[in-house]
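Take a look at the structure below.
When a residue number appears, it is its place in the shown sequence, counting from 1.
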Amino acid sequence: MIEKHILIAGGGIAGLSAAYYAIQKTQEQGLLAQVTLLEADARWGGKITTDRVDWDDGPFIIEGGPDTFLATKPWGVALCNALGLGERLHGTNPQKKNTYVLHRSELKPLPDGLAMMIPTNIPAILRSQLVSWPGKVRMGLDFMLPAAARNGDESLGTFVSRRLGREAYENLIEPLMSGIYAGDGDALSLASTFPYLRDLELKYGSLARGALLLRKQSAGKSVQGSRSAFLTPTTGLAEIVEALVAYLNAHHVTLRLESPISRVHQSGLGYDVELEQGEVLHADSLILATPAYVSGALLSELDPKLSELLRSIPYASTATISLAYRTNDLPRELDGYGYVIPRREGRRALACTWTSTKFPHRAPNGYALIRVFIGRAGQDEEMPRDNGSLIGLARGELKLTLGIEAEPLVARVFVWEKSMPQYNLGHPDKLTRLSGLLKHHPGLALAGNGYRGIGIPDCIHSGELAVETLLPALTAQPVEA
C-alpha cells in the first residue's frame with residue numbers, strides 16, 4: 001500500500017481539527033497516510049490563546065480570543081468528549097444571567113425571552129426601556145405583516161428592520177449581532193449569518209410567532225441536560241489546543257511551528273508546497289486552514305480566479321483588553337455577563353464581558369476580571385494597535401460606563417489583525433463559486449472561519465469536512481503508465 005501525504009497549513013483550531021480527523025478517517029478507511037501540520041506562528045491555537053496568570057489568591061484565566069463555544073452546535077462538544085475533556089467543561093454562571101445594552105449612555109437590561117435573537121416575551125418587551133412605545137407598536141406589526149415574496153439574499157439590517165422596525169434592530173438586534181460578527185448589519189448577508197430568520201418568516205409568517213412556537217416545542221429540553229448553552233474547559237480554551245497537540249504527537253503527526261508557506265504549485269496529481277525558507281514539501285492532498293486572504297495569496301499561481309475570489313472576502317481587525325481589579329474597588333456590582341454597545345452609541349468599544357461573573361472560576365474570590373472588545377467592521381483605521389492606547393481606551397470605557405477609576409492589577413492586550421471574516425451580501429454566491437473552482441483541484445480543500453461559520457464548533461466542523469472532501473482523491477488508485 002502506498003503511503004499518502006496529507007499536508008495541512010494553519011495551526012489554529014480548524015487546522016488542528018483537520019489533522020485530528022485526518023488521522024481518524026484515514027484509519028477508518030484503512031489508508032496508510034502521513035500527516036504534516038504547518039503553522040507560521042510560534043505557537044498552536046490561532047485565535048485561541050489562554051493566559052493563566054498566577055496570583056497570591058489564585059489564578060486569573062484570561063482568554064485572548066474566544067472565551068467559550070456554543071454547545072448547540074455539536075462538533076465542539078463531540079471533539080472535547082473524544083479528547084477526554086467532557087467532564088472539564090463548565091457552563092456560564094446560572095445565578096447571574098443579566099446582559100445589558102448601553103442605551104443613551106446608561107445600562108439597560110436586555111429583555112427576557114429572546115429566542116434566536118427574536119423577542120418572544122411580550123410583557124418583558126413592554127417593560128423594556130430599550131425601545132420606545134412607537135417602536136414597540138412597530139414590533140407588534142410583525143404578527144400581521146405578510147412574508148415578503150422575494151428571491152435572493154438581503155442584509156440582516158434590512159430584514160430585521162422590515163419585520164420588527166428600525167428601532168428594534170438598532171437597539172436590540174444590532175448590538176447582539178455585532179458581539180458575534182463585529183460586523184455592519186446593513187452589509188452582512190442574512191443567508192450567511194442568520195438564515196433561520198428568513199425560514200421563520202416563510203414558515204410562520206412572523207418572526208415572533210415562529211420563535212414562540214419553537215420555544216414551546218423545546219420547553220424542558222436543553223443541551224446536555226442541565227448544561228449551559230455556552231461551555232469552556234476549566235483552565236481555558238487552550239485545553240482543547242493542548243489536548244489536540246498531545247493527540248497528534250502521540251499519532252506521529254509531523255508538527256512544525258514557524259514554518260510559513262510562500263506558494264503552492266501543482267505537481268502531478270498532488271501539490272508542491274514551498275516554504276518561505278526555500279524548502280519544498282510534496283503533498284498528495286492539501287488543506288489550507290488559513291484565513292481566506294492568506295489562502296488566496298498562496299494559490300495565486302495555481303489558480304488566479306480562485307485566488308482572487310478568496311481575497312475578496314473582507315475581514316475586520318479586533319482587540320481584546322482584559323483588566324483585573326479587587327471587587328471592593330468597583331463602584332457597582334457586576335451582576336451579569338456584561339453589556340453590548342450599539343453602533344449608534346458612537347463608542348469605540350464594541351462590548352464588555354464581566355468575565356469573573358460569567359465564569360467565576362476564572363478569577364480568585366474577591367477579584368473581578370473584565371474584558372473589553374474593541375474593533376468592528378469599518379473602524380480598522382480608528383483602532384489603535386499599541387498596548388498603552390488600547391488599555392487607555394478600555395479603562396476610559398469602564399470609567400465612563402461603570403465608574404471604575406482604580407488602577408488594574410493585571411492588564412492583558414491581544415490584537416487580532418484581519419481576524420473576523422465579514423459574511424457580507426454576496427457571500428453565498430462566493431461560496432458557490434468557490435465550490436465550483438475547487439472541483440478543478442482534486443486533493444485541495446479549505447477550512448477555517450472564512451466560509452460557513454465563525455465559531456469554534458464551526459471551525460472544528462470545517463476541518464472534518466475538509467478531510468472528508470479529500471478522501472476520494474486519497475483512495476483513488478494512480479493510473480499506471
I'd like to know if [X] and [Y] make a salt bridge, using a cut-off of under 4.0 Å between side-chain N and carboxylate O.
X	Y	result
R452	D458	no
E154	R163	no
R371	E63	no
E468	K25	yes
E333	K96	yes

Does any donor atom in the side chain of [X] or [Y] lie under 3.5 Å from an acceptor atom in the other side chain?
X	Y	answer
Q34	T254	yes
D142	S206	yes
Y339	W354	no
K430	S312	yes
E201	Y196	no
S189	N424	no
H5	T36	yes
T232	T68	no
Y337	N98	no

**OP:** Run the numbers on F230 and F69 for ring-ring contact (aromatic ring centres under 6.0 Å, His included), then give the verdict.
**Re:** CA-CA 5 Å; F230 294 93; F69 66 88; 9.3 Å; no

**OP:** Is it possible for you to check whether R332 lies under 6.0 Å from the centre of the six-membered ring of Y100, through NZ or CZ, and within 45° of that ring's axis?
**Re:** yes

What's the spacing between [X] [atom1] and [Y] [atom2] if we round to 0.5 Å?
X	Y	atom1	atom2	value
S285	L7	OG	CG	10.0 Å
C352	I341	SG	CD1	7.5 Å
L110	L130	CG	CG	7.0 Å
L237	K47	CG	NZ	14.0 Å
L310	L437	CG	CG	8.5 Å
I261	L286	CD1	CG	7.0 Å

Got a donor-acceptor contact below 3.5 angstrom from the [X] side chain to the [Y] backbone?
X	Y	result
T26	I23	yes
H427	Y451	yes
K4	L474	yes
E39	R256	no
T401	L398	no
T120	G113	yes
E345	R347	no
S128	I125	no
D153	A191	yes
T320	G64	yes

Do [X] and [Y] have side chains that approach each other closer than 4.5 Å (heavy atoms only, starting at C-beta)?
X	Y	result
I8	L38	no
Y325	Y367	no
R376	M383	no
Y21	I460	yes
I370	T355	no
N81	V77	yes
V410	L323	no
L107	V101	no

Where is the tightest heavy-atom contact between [X] and [Y], given as atom of each residue plus distance?
X	Y	value
P457	G76	CB-N, 3.8 Å
Y423	S192	CD1-O, 3.3 Å
L350	G375	CD2-O, 3.8 Å
D380	S317	OD1-N, 3.1 Å
I287	L470	CG1-CD1, 3.3 Å
Q422	A377	OE1-CB, 3.6 Å

Original post:
Please walk me through it: do D184 and R343 pass side-chain contact (heavy atoms from CB on, under 4.5 Å)?
Top reply: CA-CA 9 Å; D184 178 355; R343 184 180 287 262; 3.8 Å; yes

**OP:** May I have the step-by-step check of side chain to side chain donor-acceptor pair (under 3.5 Å) for Y247 and Q24, ending in yes or no?
**Re:** CA-CA 11 Å; Y247 175 92; Q24 292 276 311; 2.7 Å; yes

Original post:
Given the side-chain rings of F194 and Y181, with only the six-membered ring counted for Trp, is the space between their centroids under 6.0 Å?
Top reply: yes

Subject >> From CA spacing to verdict: side-chain contact (heavy atoms from CB on, under 4.5 Å), I62, F414 >> reply: CA-CA 10 Å; I62 297 174; F414 299 85; 4.2 Å; yes

**OP:** Let me see the working for I240 and C80 under side-chain contact (heavy atoms from CB on, under 4.5 Å), right down to the final yes or no.
**Re:** CA-CA 7 Å; I240 304 175; C80 286; 3.7 Å; yes

Original post:
Taking it one step at a time, do V241 and T49 satisfy side-chain contact (heavy atoms from CB on, under 4.5 Å)?
Top reply: CA-CA 9 Å; V241 174; T49 179; over 6 Å; no

Original post:
Taking atom CG of D112 as the centre, does the number of heavy atoms from other residues, nucleotides or ligands within less than 6.0 Å exceed 12?
Top reply: no

Original post:
Pick one: which of T92, N365, N93 meets side chain to side chain contact (heavy atoms under 4.5 Å, CB included) with P360?
Top reply: N93

Original post:
Applying the side-chain hydrogen bond (donor to acceptor under 3.5 Å, both in side chains) test to T234, which of R362, E239, H90 qualifies?
Top reply: H90

